[in-house]
Amino acid sequence: MCKCMKTSFTFKVAHKSTQRQVNISVRKEQRGWWERLTKQERKPLFLAPDFDRWLDESDAEMEIREKEERRNRRKTFQHDEEGFISLKTGFLFTYNLVQFLGFSWIFVNMTIRLLTFGQDSFYDTFHTISGVMFFCQILAAVEVLNAAFGVVRTGVIPTLIQVLGRNVILFVIFGCLEEMQNKPVVFFVFYLWSAIEIFRYPFYMVGCFNTEWKILTWLRYSLWIPLYPLGVIAEAAAVIQSIPIFDETNLFSIPLPKAIGASVSFSYILHVYLALMFLGLFINFRHLYKQRQRRFRTKKRKAH
């Protein structure tokens, strides 16, 4: 630190040597305009100003104002960005909390009824649970929008496959066919869905605040390995059981021209849908497996 002239201005000096020159930077500790940098009033003969970088007092003040304006704009942008992040965090936390509460109610309710009534609880699952399940699955469409608009970092296709596949089973197979609503397959489909979600949504809730519970992380990335294929098998069983009913009722049949005098049964579409279900199982299984590998490989690297 040096003192200049007879003033109270102090400054810090830093220098950098190159092959051609020595660059000396003098930074003031207090803002103010200096008449000169040398102690003597007369400039030494060996000093020459660099007019390409020369600033007079008005230019210097203008530059200072511009720097302050840039700094203020940067602070304003950071503040707005932090506000957006906090808003997004609050939205995601609230969404995951609502879904967790909904699927927890379904899982606990079905478990209590199973322990109380045994196999008799299989036959009225739809009438006691469907209202909350409808709500949760309609709300799940938000996950597709979040992925599509980049609110969360996940693939749109796997999310769309899962949400759309469940809604076909819930609204088309179970919701439109009263004959299906009393079948035991409804219990297994709902129970497997909720068993997966009661661990997935709390994992996302904790992740909103950049924290992690090791047990919850392991459950989120491991339980799907047996539960997800079992869920798809239960859904496939529901589709297979519904095909004769669609043939008998002609519900959702596609009418053909009168010259042909027939219609295409919706069951044909369900046969195609069965093949697509297992294709979707392969796509989602591979996606989830890659997520699991990436997650635990990263944790191993951090441990080493």
Side-chain angles (χ1 to χ4, degrees), residues 89 92-112 114-115 125 129 132-133 136-137 139-144 146-147 151-167 169-170 185-238 276-304:
T89 301
L92 291 176
F93 179 82
T94 303
Y95 168 78
N96 291 310
L97 175 61
V98 171
Q99 290 287 63
F100 169 67
L101 293 176
F103 280 105
S104 296
W105 183 90
I106 293 172
F107 185 82
V108 172
N109 191 298
M110 293 179 68
T111 301
I112 293 175
L114 178 63
L115 295 175
T125 298
I129 303 298
V132 179
M133 185 62 79
C136 290
Q137 283 306 127
L139 193 61
V142 174
E143 297 182 30
V144 180
N146 288 342
V151 178
V152 295
R153 296 181 180 180
T154 189
V156 180
I157 299 301
T159 305
L160 180 63
I161 290 175
Q162 179 172 328
V163 173
L164 186 61
R166 285 188 179 183
N167 284 346
I169 300 299
L170 179 61
V185 69
V186 179
F187 174 89
F188 294 102
V189 170
F190 284 7
Y191 204 70
L192 289 168
W193 285 357
S194 59
I196 294 173
E197 305 302 12
I198 59 175
F199 296 105
R200 187 168 72 98
Y201 286 114
F203 172 79
Y204 292 147
M205 288 165 57
V206 173
C208 288
F209 302 101
N210 296 321
T211 57
E212 180 181 1
W213 295 349
K214 291 183 179 180
I215 296 177
L216 185 60
T217 300
W218 186 87
L219 289 172
R220 187 269 179 266
Y221 285 102
S222 301
L223 277 183
W224 64 266
I225 296 175
L227 294 182
Y228 185 66
L230 289 174
V232 174
I233 292 173
E235 294 172 18
L276 294 177
M277 280 180 62
F278 289 97
L279 176 61
L281 170 64
F282 171 75
I283 294 173
N284 271 10
F285 199 94
R286 185 178 63 174
H287 171 72
L288 292 171
Y289 180 76
K290 287 182 178 180
Q291 278 189 334
R292 188 178 192 277
Q293 292 290 97
R294 192 182 307 117
R295 183 76 181 192
F296 290 115
R297 185 167 57 244
T298 303
K299 288 173 69 66
K300 288 180 180 179
R301 287 177 180 175
K302 289 180 179 179
H304 293 303

- Working to the nearest 0.5 Å, report the span between CG of Leu114 and CG of Asn109. 11.5 Å

- Item | Any donor-acceptor pair under 3.5 Å from Asn96 side chain to Leu92 backbone | yes

- Item | 4.5 Å side-chain heavy-atom contact, Tyr191 and Thr111 | yes

- Task: Not counting sequence neighbours, which residues clear ring pair (Phe, Tyr, Trp, His ring centres under 6.0 Å) with Phe209? List them please.
- Result: Phe93

- For Thr125, side chain to side chain contact (heavy atoms under 4.5 Å, CB included) partners two or more places apart: Met110, Ile129, Val186, Phe187, Phe190

- Between Glu197 and Ile106, is a side chain to side chain contact (heavy atoms under 4.5 Å, CB included) present by the stated rule, with each step listed? CA-CA 10 Å; Glu197 305 302 12; Ile106 293 172; over 6 Å; no

- Query: Checking Thr211 side chain against Val206 main chain: does a donor-acceptor pair fall under 3.5 Å?
  - Reply: yes

- Task: Report the C-alpha separation of Leu139 and Tyr95 in whole Å, then their side-chain angles, then the decisive distance to 0.1 Å, and conclude whether the side chain to side chain contact (heavy atoms under 4.5 Å, CB included) test is met.
- Result: CA-CA 9 Å; Leu139 193 61; Tyr95 168 78; 3.6 Å; yes

- Note on the structure: Rounding to 0.5 Å, atoms CG (Leu230) and CZ (Phe188) come to a distance of 11.0 Å

- d(Trp218 CH2, Phe199 CZ) to nearest 0.5 Å is 10.0 Å

- Those residues that, when tested against Tyr221, pass ring pair (Phe, Tyr, Trp, His ring centres under 6.0 Å) (two or more places apart): Phe203

- Query: What's the verdict on side chain to side chain contact (heavy atoms under 4.5 Å, CB included) for Ile169 and Trp193, showing C-alpha distance, side-chain angles and the deciding distance?
  - Reply: CA-CA 12 Å; Ile169 300 299; Trp193 285 357; 4.2 Å; yes

- Query: Of the non-hydrogen atoms in Ala237 and Val185, which two are nearest, and what is the gap between them?
  - Reply: CB-CG2, 4.1 Å

- Residue list, side chain to side chain contact (heavy atoms under 4.5 Å, CB included) with Thr154, at least two apart or on another chain: Ala147, Val152, Thr159, His287, Gln291

- With sequence neighbours left out, write down each residue that passes salt bridge (Lys or Arg N to Asp or Glu O under 4.0 Å) with Glu143, or none if nothing qualifies. Arg200

- Message: Looking at Ile215, I want to see if its CD1 is surrounded by more than 12 non-hydrogen atoms of other residues, nucleotides or ligands under 6.0 Å.
- Response: no

- Quick one: list whatever passes ring pair (Phe, Tyr, Trp, His ring centres under 6.0 Å) with Phe285, sequence neighbours left out. Trp224

- Query: Any side-chain heavy atom of Leu281 within less than 4.5 Å of one from Tyr228?
  - Reply: yes

- Message: Between Ser222 (side chain only) and Leu219 (backbone N and O only), is there a donor and an acceptor less than 3.5 Å apart?
- Response: no

- Roughly how far, to the nearest 0.5 Å, is the CE atom of Met133 from the CD atom of Gln137? 6.5 Å

- Test item: Gln99 side-chain N/O and Cys136 main-chain N/O as donor-acceptor pair under 3.5 Å: yes

- Task: Mind checking the CG-CD spacing from Leu170 to Glu235? Nearest 0.5 Å is all I need.
- Result: 10.5 Å

- With side chains defined as the heavy atoms from C-beta onward, is the minimum distance between Tyr201 and Arg220 less than 4.5 Å? no

- Item | Rounded distance (nearest 0.5 Å) linking atom CD1 of Ile198 with atom CG of Leu223 | 8.5 Å

